[in-house]
Amino acid sequence: MRSMLCSFHPVFTGTGGAEKVFWSMADHFASIGDEVLCLGFERKADPLAPTFHPHGDLVKVANPGRYYRKSPLIQLASALVFFNSGWRRRLRDSLEGRRKGRLIMEAADGFKPDAIVAFQPEMTYVLRHSIKTDVPIATALHCDIDTLLKGKERLFPALESSEAIVVLQRSYLSDLARYVDASKAVFIPNAIQRQNGCCDQDSRVIAMAGRVCPQKNQLLAI
């Protein structure tokens with residue numbers, strides 16, 4: 001089995017949870033015998049340098065976005081052709097998506113995946129709309145649904161073409177159904193690594209790591 005993981009997140013230098021899941025998933029696929037290619041899309045990041053979240057030697061890596069820059073001509077053309085901001089965005093997404101798609105195809109040259117995990121609906125859009133791949137795609141949504149999909153109707157057809165849509169919380173299934181057909185959506189929470197031993201039950205110190213925002217909801221922990 002050949003598995004390809006694709007992400008527009010900063011998977012090489014990023015310190016967040018989505019990046020951790022990306023590399024943990026890649027290592028898991030490699031551990032069960034898959035050939036694994038991880039494609040990031042991160043400006044200036046060297047795929048050969050150590051990543052913040054470590055990964056095994058069996059995982060192949062590529063960064064087709066290392067030298068990517070948005071095209072000023074595309075920005076100008078879309079501004080001149082369309083006064084409506086929504087149509088401008090659609091045109092930019094389509095043209096820039098083709099540029100990104102070509103870079104991804106070059107980076108994945110020779111690696112014929114049997115399955116793809118896309119870590120954003122935007123990545124699924126590029127894979128389906130720009131590259132027009134027919135390889136089965138599972139789109140992993142690592143955030144609340146409104147943040148990911150509100151006002152992004154242009155991404156919905158590509159997202160619905162996924163063989164599976166993975167959400168992190170059970171409540172996100174109904175949230176997703178407000179935007180797209182959620183019949184292929186599944187709830188899979190992030191894995192938690194079990195620790196040996198027990199915590200110090202006499203301790204009165206609780207630590208939480210994460211940015212301060214409603215999504216992380218520190219108030220609930222407090």
K.L.:
Does a side-chain heavy-atom distance below 4.5 Å link W23 with P54?
P.N.:
no

K.L.:
May I have the step-by-step check of side-chain contact (heavy atoms from CB on, under 4.5 Å) for H129 and V126, ending in yes or no?
P.N.:
CA-CA 5 Å; H129 179 80; V126 169; over 6 Å; no

K.L.:
Could you tell me which non-hydrogen atom of A45 sits nearest to which non-hydrogen atom of T13, and how far apart they are?
P.N.:
CB-CG2, 4.4 Å

K.L.:
Less than 4.5 Å apart, side chain to side chain, heavy atoms only: is that true for L149 and I145?
P.N.:
yes

K.L.:
Does F22 reach the side chain of H9, with side-chain heavy atoms less than 4.5 Å apart?
P.N.:
no

K.L.:
Looking at K112, I'd like to know if its NZ atom is crowded, meaning that more than 12 non-hydrogen atoms belonging to other residues, nucleotides or ligands lie closer than 6.0 Å.
P.N.:
no

K.L.:
Give me the atom names and distance for the closest heavy-atom approach of M4 to C6.
P.N.:
CE-SG, 3.7 Å

K.L.:
Find out if a path of hydrophobic residues (ILVMFWY) with successive side-chain heavy-atom gaps under 4.5 Å connects Y125 to L91.
P.N.:
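In one cluster: no.
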
K.L.:
With a 4.5 Å limit on heavy-atom distance, are the side chains of C38 and F12 in contact?
P.N.:
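They are not in side-chain contact.
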
K.L.:
Looking at F8, does the NZ or CZ of K100 lie under 6.0 angstrom from its six-membered ring centre and within 45 degrees of the ring axis?
P.N.:
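Here K100 passes the 6.0 Å and 45° test against F8.
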
K.L.:
Give a yes or no on whether M1 atom CE has more than 12 heavy-atom contacts from other residues, nucleotides or ligands under 6.0 Å away.
P.N.:
yes

K.L.:
Do T139 and V166 have side chains that get closer than 4.5 Å, going by heavy atoms?
P.N.:
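No, their side chains stay 4.5 Å or more apart.
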
K.L.:
How about CD1 on I206, more than 12 heavy atoms from neighbouring residues, nucleotides or ligands closer than 6.0 Å, or not?
P.N.:
no

K.L.:
Do I104 and F41 make a side-chain contact, defined as non-hydrogen atoms from C-beta onward lying under 4.5 Å apart?
P.N.:
yes

K.L.:
Identify the two heavy atoms, one from M123 and one from A118, that lie closest to each other, and give their separation to 0.1 Å.
P.N.:
CG-CB, 3.8 Å

K.L.:
Any side-chain heavy-atom pair from V117 and I137 closer than 4.5 angstrom?
P.N.:
no

K.L.:
Are the aromatic rings of H142 and F119 close, with centres under 6.0 Å apart?
P.N.:
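Yes.
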
K.L.:
Under a 4.5 Å side-chain heavy-atom rule over Ile, Leu, Val, Met, Phe, Trp and Tyr, are V186 and Y179 clustered together?
P.N.:
no

K.L.:
Heavy atoms only: give me the nearest P47-V61 pair and the separation to one decimal.
P.N.:
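Heavy atoms of P47 and V61 come nearest at O-CG2, 3.4 Å.
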
K.L.:
Judged by atom type as modelled, is there a donor-acceptor pair below 3.5 Å linking the side chain of E160 to the main-chain atoms of P157?
P.N.:
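Here the side-chain-to-backbone pair does not exist.
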
K.L.:
Any sub-3.5 Å donor-acceptor pair from S130's side-chain atoms to L127's backbone N or O?
P.N.:
no

K.L.:
Hydrophobic cluster membership, with links at side-chain heavy-atom distances under 4.5 Å among I/L/V/M/F/W/Y: are M25 and V59 in one?
P.N.:
yes

K.L.:
Give a yes or no on whether a salt bridge exists between R128 and E163, defined as a side-chain N under 4.0 angstrom from a carboxylate O.
P.N.:
yes

K.L.:
Where do V135 and D114 land on the side-chain contact (heavy atoms from CB on, under 4.5 Å) test, with the steps shown first?
P.N.:
CA-CA 6 Å; V135 175; D114 300 301; 6.0 Å; no

K.L.:
Quick one, L5 and L39 - any side-chain contact, counting heavy atoms below 4.5 Å?
P.N.:
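Contact flag for L5/L39 side chains = no.
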
K.L.:
Would you name the heavy atoms of K152 and T147 that are closest together and state the gap between them?
P.N.:
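Scanning both residues, the minimum pair turns out to be NZ-O, 4.0 Å.
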
K.L.:
What I want to find out is whether D181 reaches K184 closely enough, with some N-O distance under 4.0 Å, to be called a salt bridge.
P.N.:
no

K.L.:
Check whether more than 12 heavy atoms from other residues, nucleotides or ligands sit under 6.0 Å from atom CZ of R170, and answer yes or no.
P.N.:
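No.
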
K.L.:
Would you please test T51 and V11 for side-chain contact (heavy atoms from CB on, under 4.5 Å) and show each step?
P.N.:
CA-CA 8 Å; T51 56; V11 293; over 6 Å; no

K.L.:
Taking the six-membered ring of Y68, is the NZ or CZ of R43 close enough (under 6.0 Å from the centre) and on axis enough (within 45°)?
P.N.:
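Negative - R43 is either too far from the ring of Y68 or too far off its axis.
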
K.L.:
Rounded at 0.5 Å granularity, tell me how far CG in L103 sits from CG in N63.
P.N.:
10.0 Å

K.L.:
S24 and D27: side-chain hydrogen bond (donor to acceptor under 3.5 Å, both in side chains), yes or no, with the steps?
P.N.:
CA-CA 5 Å; S24 295; D27 279 340; over 6 Å; no

K.L.:
Given 3.5 Å as the limit, does a donor-acceptor pair link the side chain of D34 with the main chain of V36, or not?
P.N.:
no

K.L.:
Checking side-chain contact (heavy atoms from CB on, under 4.5 Å) for the pair L141/L168: CA distance, chi angles, key distance, verdict?
P.N.:
CA-CA 7 Å; L141 304 181; L168 291 182; over 6 Å; no

K.L.:
CZ of R154 to CG of L159: how many Å apart, nearest 0.5 Å?
P.N.:
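Output value for this atom pair is 12.5 Å.
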
K.L.:
Does E122 use its side chain to pair, donor to acceptor, with the backbone of D93 at less than 3.5 Å?
P.N.:
no

K.L.:
Please say yes or no: joined through hydrophobic side-chain contacts below 4.5 Å, possibly via intermediate residues, are M105 and F111 part of one cluster?
P.N.:
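Per the 4.5 Å side-chain linkage, M105 and F111 are co-clustered.
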
K.L.:
With no hydrogens and no angle check, just 3.5 Å: does a side-chain donor-acceptor pair link S71 and E96?
P.N.:
no

K.L.:
Using a strict 4.0 Å threshold on nitrogen-to-oxygen distance, state whether K60 and E35 make a salt bridge.
P.N.:
yes

K.L.:
Tell me the closest heavy-atom pair linking S3 and F29, and the distance in Å.
P.N.:
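Nearest pair, atom of S3 first, then F29: CB-CD1, 3.9 Å.
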
K.L.:
Look at the side-chain heavy atoms of Ile, Leu, Val, Met, Phe, Trp and Tyr, link any pair under 4.5 Å apart, and say whether V180 and Y172 land in one connected group.
P.N.:
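Yes, because V180 and Y172 connect within a single hydrophobic cluster, where side-chain heavy atoms sit under 4.5 Å apart.
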
